[in-house]
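Residues take their numbers from the sequence shown, with the count starting at 1. Any value given below was found using the heavy atoms of this structure, including those in side chains, with hydrogens, waters and symmetry copies removed.
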Amino acid sequence: MERSDAHILVFPYPVTGHVNPMLQFSKRLASMGLRVTLVTTQPNTKPIEEAQSNNYPIHIEPISDGFQPGEKAQSVEAYLEKFQKVASQSLAQLVEKLARSERPIKFIVYDSVMPWALDTAEELGLDGAPFYTQSCAVSAIYYHVSQGMMKIPIEGKTASFPSMPLLGINDLPSFISDMDSYPSLLRLVLGRFSNFRKAKCLLINTFDMLEAEVVKWMGSQWPVKTIGPTIPSMYLDRRLEDDKDYGLSPLNLNVDACITWLDARDTGSVVYVSFGSLASLGEEQMEELAWGLKRSNDYFLWVVRELEEQKLPSKFIEDTADKGLVVRWCPQLDVLAHKAVGCFMTHCGWNSTLEALSLGVPMLVMPQWTDQMTNAKFVADVWGVGVRVKAPDEKGIVKREEIEECIREAMEGERGKEMKRNAERWKELAKEAVTEGGSSDKNIEEFVKEILCS
Ligand SMILES: O=c1ccn([C@@H]2O[C@H](COP(=O)(O)OP(=O)(O)O[C@H]3O[C@H](CO)[C@@H](O)[C@H](O)[C@H]3O)[C@@H](O)[C@H]2O)c(=O)[nH]1
């Protein structure tokens, strides 16, 4: 497509699980001729200048979130309040600055958890569309709760939503099943539906075949566009040259160490373990997980973020050095694409879930909080690509024996083989969705045309 003058701003909430998919979506838009500027307040990413100088397909604009590097807010509420106040002002200033340039902003794609960005856009005379970084099912659940169509706390043991299987309490997003756990985050996710009817459309990081019924239901109510999975192109359709990774990942990736280690393992012999960029396991749970991995006697590659390291049992790394590699962060896509990986033990963050589905990797799911419970339900019972650990005991702990058994089931049993077959099928369908003429590809084309014509 010819490069156009249309310039759009993409503004993710500043955490990895939100920046990654919105950055990938930005690259798709840029490949279709739009000029795209991604707004970031995230300090711990590859130096911005590096991204700018390497013929990077999009522009990056840092703005302030009101905090100095390293400064911590006193609470989630305090962070969100200051972030909204400062970032909305910074956003308006940026749009006004660009209005005086050759390429003024025409449209804003904002993270759905920041509905105030649409108000700012409106004040500046711009249209906008929210980007949902979670599944369509999860968004539909929050919608029902936000509109009072599903009362919380939920009474009884199950909850029923249109176009979805019956959900048990443990399948609901944790902010809903345990309303008092994070009241400010519950407000944040429900707030996504405060002004969305004023948006041009709703962009959702999923694909039609994956959530066919709920996508259809949502599409019958609002202008929904499924645009996922937002995985770097080299792993799916291979149409975007050089699009091999998310680009703005943290420094010090152990790329070579992880891949060299995997190269030395047999096909399907390694359990890859990661709980994403935010989840923090308790010390006891960490210990159970460590011993569960050891007891399985399988090879494992385990991402333990720096702040979590002190929770590992003492001498665990030395004692398991012949079987395991523990790293602080890894190139997850390269790891999932590696033939040595037999299953992915995951917290079921939506990006990790989509990445495993897109790369055909069966999962062992151990959801921790937020949307992960609902994703786990779909992974295990709807898409048939995962084993879910039994609900934690009364202390909230999943025991080592349970972990060991689930690893065996995923790596060795008949169930594991069936999961692998299903995962291969989802991999093909994910690829189809983003390949030319696929459902997500068509939706992105349509979105671009609508912007150009507006
Ligand atoms: O060693 C690692 C570990 C993770 N990742 C990447 O980090 C991202 C992690 O995203 P996700 O799996 O979604 O987990 P979180 O970081 O926990 O994401 C938050 O945001 C998601 C999207 O809203 C939610 O679904 C999650 O529940 C929420 O915790 C993925 O792209 C991974 O590929 C790496 O590259 N290397």
Side-chain angles (χ1 to χ4, degrees), residues 15-17 44 70 72-76 79 170 173-175 177-185 250 252 254 257-258 261 270-330 332 335 343-349 351-353 363-373 375-376 386-408 410:
V15 291
T16 308
N44 67 339
K72 282 243 176 300
Q74 298 214 316
S75 63
V76 181
Y79 176 78
N170 287 337
S174 65
F175 302 152
S177 57
D178 185 3
M179 279 174 66
D180 299 329
S181 55
Y182 290 93
S184 52
L185 294 180
N252 306 326
N254 297 290
C258 296
W261 187 84
V270 175
V271 183
Y272 166 56
V273 189
S274 165
F275 287 79
S277 64
L278 297 172
S280 168
L281 304 187
E283 206 162 317
E284 192 179 340
Q285 182 62 80
M286 198 80 166
E287 192 166 341
E288 291 300 317
L289 174 51
W291 298 129
L293 286 170
K294 184 165 191 314
R295 285 168 67 119
S296 79
N297 207 27
D298 278 312
Y299 288 106
F300 63 87
L301 169 58
W302 185 4
V303 177
V304 179
R305 298 192 316 274
E306 196 173 351
L307 287 173
E308 302 282 290
E309 271 171 354
Q310 88 284 0
K311 297 180 193 164
L312 283 169
S314 67
K315 299 239 189 72
F316 175 77
I317 294 184
E318 296 88 317
D319 287 353
T320 54
D322 58 333
K323 281 287 177 181
L325 179 66
V326 178
V327 296
R328 288 180 173 171
W329 192 254
C330 79
Q332 181 159 302
V335 168
C343 96
F344 177 16
M345 181 168 191
T346 170
H347 66 318
C348 251
N351 297 290
S352 293
T353 304
M363 287 171 258
L364 193 180
V365 297
M366 192 162 143
Q368 300 298 304
W369 68 320
T370 169
D371 59 330
Q372 295 154 19
M373 282 61 191
N375 300 339
V387 190
R388 180 175 179 175
V389 293
K390 281 200 205 90
D393 65 12
E394 59 295 340
K395 277 166 63 198
I397 303 294
V398 178
K399 293 285 193 203
R400 61 191 76 181
E401 295 81 8
E402 169 68 5
I403 291 169
E404 178 192 356
E405 202 181 310
C406 287
I407 293 178
R408 279 198 208 299

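The line from CG of Asp180 to CZ of Phe175 is 13.0 Å long, rounded to the nearest 0.5 Å. Atom CG of Leu278 sits about 7.0 Å away from atom OG1 of Thr16, to the nearest 0.5 Å. To the nearest 0.5 Å, the span separating CE on Met286 from OG on Ser280 amounts to 8.0 Å. Distance check, rounded to the nearest 0.5 Å: CZ of Phe316 to CG of Leu293 gives 5.5 Å. Separation of atoms CD1 (Ile317) and CD (Glu309) is listed at 6.5 Å; rounding is to 0.5 Å. With values rounded to the nearest 0.5 angstrom, Phe275 atom CZ is found 5.0 Å from Leu289 atom CG.
Proximity of Ser177 to Met373: side-chain heavy atoms (C-beta onward) are nowhere separated by under 4.5 Å. Trp302 is not listed as a side-chain neighbour of Thr320, based on a closest heavy-atom distance of 4.5 Å or more. Put simply, the side chain of Leu185 reaches to within 4.5 Å of the side chain of Val76, judged on heavy atoms. Counting heavy atoms from C-beta outward, Trp261 and Val270 have side chains that approach closer than 4.5 Å. Side-chain contact between Ser352 and Met363 is absent, with no heavy-atom pair separated by less than 4.5 Å.
Nearest approach of Ala410 to Val387, heavy atoms of both residues: CB-CG2, 4.0 Å. Between Arg388 and Asn170, the closest heavy-atom pair is NH2-O, 2.9 Å. Nearest heavy-atom pair, Asn375 versus Cys348, reported as atom, atom and distance to 0.1 Å: ND2-O, 2.8 Å. Taking all atoms of both residues into account, the shortest heavy-atom contact from Cys258 to Leu325 is CA-CD2, 4.1 Å. The heavy-atom pair separating Val398 from Gln285 by the smallest distance is N-OE1, 2.7 Å. For the residue pair Gly276 and Trp329, the shortest heavy atom distance occurs at O-CZ3, 4.2 Å.
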request  = Assess whether side-chain contact (heavy atoms from CB on, under 4.5 Å) is satisfied between Met345 and Cys406, documenting all intermediate values.
outcome  = CA-CA 10 Å; Met345 181 168 191; Cys406 287; over 6 Å; no

query = Is there a side-chain contact (heavy atoms from CB on, under 4.5 Å) between Lys399 and Glu284 once you walk through the steps?
reply = CA-CA 9 Å; Lys399 293 285 193 203; Glu284 192 179 340; 4.3 Å; yes

request  = Would you sort out whether Gln332 and Val303 count as a side-chain contact (heavy atoms from CB on, under 4.5 Å), showing the intermediate values?
outcome  = CA-CA 9 Å; Gln332 181 159 302; Val303 177; 5.8 Å; no

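At least one donor-acceptor pair under 3.5 Å links the side chain of Gln372 to the backbone N or O of Trp369. Arg305 contributes a side-chain N or O that, together with a main-chain N or O of Ala279, makes up a donor-acceptor pair within less than 3.5 Å. Panel note: side chain Glu308, backbone Leu281; a donor-acceptor pair is recorded below 3.5 Å. For the pair Lys323 (side chain) and Lys294 (backbone), a donor-acceptor distance under 3.5 Å is absent. The main-chain N or O of Leu307 is never found under 3.5 Å from a side-chain atom of Arg328 such that the two would form a donor-acceptor pair.
With respect to the salt-bridge test (charged N to carboxylate O, under 4.0 angstrom), the residues Glu404 and Arg408 qualify. A salt bridge links Arg400 with Glu288: the distance from a Lys NZ or Arg NE/NH1/NH2 to an Asp or Glu carboxylate oxygen falls below 4.0 Å.
For Gln74, the CD atom counts as loosely surrounded, since its 6.0 Å shell holds 12 or fewer non-hydrogen atoms of other residues, nucleotides or ligands.
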